[in-house]
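First up is the structure itself, then whatever we jot down about it.
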There are 2 protein chains.
Amino acid sequence: MATIKEVARLAGVSVSTVSRVINESGYVEKKTKQKVLSVMRDLRFTPSSVARGLVSGKTSTIGLLIPDVSNPFFAEVARGSEDAAIEAGFTVFLCNTDWKLEREEMYLQVLKNKSVEGIVFLGNRSDESTLLKSVGDIPCVFVDRRLSKQRNYIWVDHEYGARLATEKLISIGCKRIVHISGPENSNSAKLRERGFTKTVKEHGLDNWQVVQGDFSFAGGYDAAKILLSGDNPPDGVFAGNDMMAFGFIRAANELGIRIPDEVSIIGYDDIEMAKCVSPALTTIRQPAYQMGRTAFLSLKDFASSDVVEFQPELILRNSTKA
Amino acid sequence: MATIKEVARLAGVSVSTVSRVINESGYVEKKTKQKVLSVMRDLRFTPSSVARGLVSGKTSTIGLLIPDVSNPFFAEVARGSEDAAIEAGFTVFLCNTDWKLEREEMYLQVLKNKSVEGIVFLGNRSDESTLLKSVGDIPCVFVDRRLSKQRNYIWVDHEYGARLATEKLISIGCKRIVHISGPENSNSAKLRERGFTKTVKEHGLDNWQVVQGDFSFAGGYDAAKILLSGDNPPDGVFAGNDMMAFGFIRAANELGIRIPDEVSIIGYDDIEMAKCVSPALTTIRQPAYQMGRTAFLSLKDFASSDVVEFQPELILRNSTKA
DNA sequence: TCGCGATATGGAAACGTTACCACAGGGGGT
DNA sequence: ACCCCCTGTGGTAACGTTTCCATATCGCGA
């Protein structure tokens with residue numbers, strides 16, 4: 001790789017001048033600039049980000065701390081962040097944590113000594129004070145987690161989303177409503193459950209239930225098998241995410257129980273497959289891509305506002321009665 | 001962030017000695033080493049990768065050039081690469097190209113001046129000589145693409161995979177077999193099609209057909225609607241990937257055509273959802289995670305072997321007759 | 001004519017490491 | 001007693017930039 005020195009030598013100017021041309025800073029005579037530019041082109045020169053990062057501290061790099069890209073929801077958020085990042089001339093380090101604390105801490109360390117200029121956290125659950133201590137003064141943004149002020153976050157109102165789902169089930173006449181919840185350690189799962197519980201209580205329902213799930217296909221499937229083959233099976237189900245809803249649908253199909261005639265089901269997330277299952281899944285949409293975009297953006301200018309709240313949306317398809 | 005100088009000062013030794021401790025190189029007295037280590041711990045010092053990268057050229061970073069992480073297959077490969085990378089102390093830059101050439105070239109430029117130590121290419125289709133020129137001497141590995149020697153690649157035998165699928169359909173007695181192909185510009189799609197064509201010919205079938213698809217759910221759905229409502233509908237279908245198979249299944253369901261009784265369908269990829277649809281999809285499995293892992297690994301030691309070939313595998317589920 | 005601000009350029013320190021060389025003391029083989 | 005090698009340590013150039021300061025020329029108003 002050519003260096004700035006060679007460019008300077010070939011253009012017959014000093015390193016400083018080349019630097020000024022690159023950064024469009026300071027004074028450079030038009031003619032000189034043209035000459036330098038032409039040499040740069042000939043040499044296919046681009047400045048080393050590493051050297052640049054060392055002196056200026058600006059690496060044009062961020063870290064994306066994510067539980068698992070294989071999860072379609074996270075993948076979508078990741079796309080959003082990456083697209084926004086590249087538009088701003090930034091590159092992103094992909095860091096899968098697998099929900100593991102030690103892996104997260106390890107990555108935090110790595111990102112820190114790679115001098116990233118910011119970190120986007122997804123599905124983060126580690127202890128707040130420890131966390132803040134380890135990130136130091138690196139700008140952070142949390143998706144789906146509220147810290148006690150001082151940091152910015154991207155938020156979608158899970159309680160409201162759950163309310164949308166639950167009220168839909170109620171409005172189409174469901175009387176025996178079940179919520180298949182997410183895992184206990186998930187913050188958003190807890191909020192969705194709370195939204196569900198609040199809503200059914202407000203509407204004075206007395207025949208409702210929450211069963212524990214784990215956000216997996218198998219979790220939804222197993223729950224469905226138990227629920228649907230028991231006596232007093234539900235006629236409306238709100239699953240904590242789409243995968244569990246898929247599991248539920250599969251189980252219902254196997255048991256010969258028709259959706260939505262005998263039981264309506266609503267998911268959460270609106271991942272791509274939701275359109276594709278049969279029947280197509282009614283679900284609560286989170287604007288994953290937009291959230292990712294916004295996360296990156298709010299990393300760059302705290303000015304704008306350090307809290308961005310998104311509203312989830314009910315997407316009507318064929319797994320609920322009309 | 002503390003620097004090596006501060007560590008040196010506090011430990012009462014020179015910078016060189018600290019560096020030797022860090023890198024476990026050269027001679028350092030045990031006592032000195034302990035002292036330095038303890039200061040490092042107190043200061044929470046970790047060496048700056050940026051400075052290190054500048055002097056040694058080793059950035060412990062690779063680039064992952066991928067069409068789209070939202071695609072489950074690519075996401076899985078990405079996980080494989082990332083896991084292998086972090087085990088080796090490497091970090092990966094996530095680069096979504098959206099199949100766009102200009103975006104790929106832009107990223108190549110960026111990766112180059114960030115001094116990545118290697119690049120993993122997925123779904124790459126750009127012109128070979130241009131490509132080789134722009135990567136220069138950065139180690140590369142291509143997944144699913146063969147270049148005319150000189151570079152290493154990870155390969156899975158698509159023709160063989162297609163053969164597995166086709167022969168399965170033949171062996172269960174299908175007489176009118178259709179292949180829904182991938183898009184024309186996809187190399188692997190072409191190979192799968194060739195595998196299919198070869199196999200049906202070898203078996204002397206005369207009632208077979210290839211229809212053009214695009215790897216999307218909608219593509220499979222549309223193809224199915226046309227095929228299944230025409231006269232002489234197929235009794236065996238091999239879809240170029242799982243998403244199209246899902247589309248096919250959905251269309252069949254809507255038309256009241258039973259799978260696998262009236263028509264058997266086989267997909268390709270074995271993404272997670274394949275287990276989850278109804279009926280569960282028989283498909284050809286590509287070891288995506290392993291491929292990703294291997295890709296990273298072969299970046300590091302060319303020694304081992306610069307061509308790794310994986311065999312696809314038939315995964316029997318319920319979308320094919322017994 | 002003098003001086004000052006605007007323009008244009010170069011020199012060199014600094015960023016935080018690594019790598020190489022220099023130096024010194026000690027011990028063992030001849 | 002001498003030499004050499006092993007051990008332990010420090011000094012400093014180099015990596016490729018940016019940034020700040022110095023210098024030089026020019027034009028123009030006082």
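Keep in mind that this is a model prediction, so the values were computed, not measured. When reading the values below, keep in mind they use all heavy atoms of this one structure, side chains included, and skip hydrogens, waters and symmetry mates. Residue numbers start from 1 in every chain, and the chains themselves are labelled A, B, ... in the order their sequence lines are given, proteins ahead of strands.
Between B/K133 and B/E128 no salt bridge is recorded (no basic side-chain N to carboxylate O distance below 4.0 Å). Taking the charged nitrogens against the carboxylate oxygens, B/R103 and A/D83 do have a contact shorter than 4.0 Å, which makes a salt bridge. Salt bridge status for A/R125 with A/D144: absent, with no side-chain N to carboxylate O gap under 4.0 Å.
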Polar atoms only, N or O, under 3.5 Å: list the protein pairs with nucleotides 23-27 of chain C and their distances.
none

Identify the pairs formed between an N or O of the protein and an N or O of nucleotides 18-22 of chain C at a distance under 3.5 Å, and give each distance.
unit_1: C/dT18; atom_1: OP1; unit_2: B/N23; atom_2: OD1; d: 3.3
unit_1: C/dT18; atom_1: OP1; unit_2: B/N23; atom_2: ND2; d: 3.3
unit_1: C/dT18; atom_1: OP1; unit_2: B/R52; atom_2: NE; d: 2.8
unit_1: C/dT18; atom_1: OP1; unit_2: B/R52; atom_2: NH2; d: 3.1
unit_1: C/dT18; atom_1: OP2; unit_2: B/S19; atom_2: OG; d: 2.9
unit_1: C/dT18; atom_1: OP2; unit_2: B/N23; atom_2: ND2; d: 3.4

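A straight line from NZ of A/K30 to P of C/dA8 spans 11 Å, rounded to a whole angstrom. Straight-line distance from the NZ atom of B/K31 to the C1' atom of D/dT7: 16 Å, rounded to whole Å. Between B/E29 atom CD and D/dG10 atom P the separation is 11 Å, expressed in whole Å. Atom CD in B/Q34 sits about 13 Å away from atom P in D/dG8, given to the nearest Å. Computed from coordinates, the B/K35 NZ to D/dT9 P distance equals 14 Å when rounded to whole Å. Distance B/Y27 OH to D/dT9 P: 13 Å, rounded to the nearest Å. Going from atom CZ of B/R9 over to atom C1' of D/dG10 covers 17 Å, rounded to whole Å. Here C/dC15 presents its P atom at 23 Å from NZ of A/K114, a figure rounded to the nearest Å.
Here CG of A/N241 is found 8.5 Å from OG of A/S216. Values are rounded to the nearest 0.5 Å.
Put simply, the side chain of A/S186 never gets that close to the backbone of A/G182: no donor and acceptor are under 3.5 Å apart.
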> Stepwise, does the ring-ring contact (aromatic ring centres under 6.0 Å, His included) test hold for B/F93 with B/Y107?
Replying inline: CA-CA 10 Å; B/F93 279 129; B/Y107 257 126; 8.9 Å; no
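The closest side-chain donor-acceptor pair between A/S19 and A/S16, if any, does not fall under 3.5 angstrom. There is a side-chain donor-acceptor pair under 3.5 Å between B/E104 and B/N124.
Regarding contacts with the backbone of D/dG10, a side-chain N or O of B/S14 is found under 4.0 angstrom from either OP1 or OP2. The phosphate of C/dG10 (OP1 or OP2) has a side-chain N or O of A/T17 nearer than 4.0 angstrom.
Across all strands shown, A/T32 has heavy atoms under 4.0 Å from sugar-phosphate atoms exclusively, and none from any base.
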Enumerate, atom names and distances included, each donor-acceptor pair closer than 3.5 Å involving a side-chain atom of residues 48-59 of chain B, sequence neighbours excluded.
unit_1: B/S48; atom_1: OG; unit_2: B/V50; atom_2: N; d: 3.2
unit_1: B/S48; atom_1: OG; unit_2: B/A51; atom_2: N; d: 3.0
unit_1: B/S49; atom_1: OG; unit_2: A/N113; atom_2: O; d: 3.3
unit_1: B/S49; atom_1: OG; unit_2: A/N113; atom_2: OD1; d: 2.7
unit_1: B/S56; atom_1: OG; unit_2: B/R52; atom_2: O; d: 2.8
unit_1: B/S56; atom_1: OG; unit_2: B/K58; atom_2: N; d: 3.1
unit_1: B/T59; atom_1: OG1; unit_2: B/S115; atom_2: O; d: 2.6

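Position along DNA chain D of the nearest nucleotide to B/V28 versus A/A2 favours B/V28 as the more 5'-ward residue.
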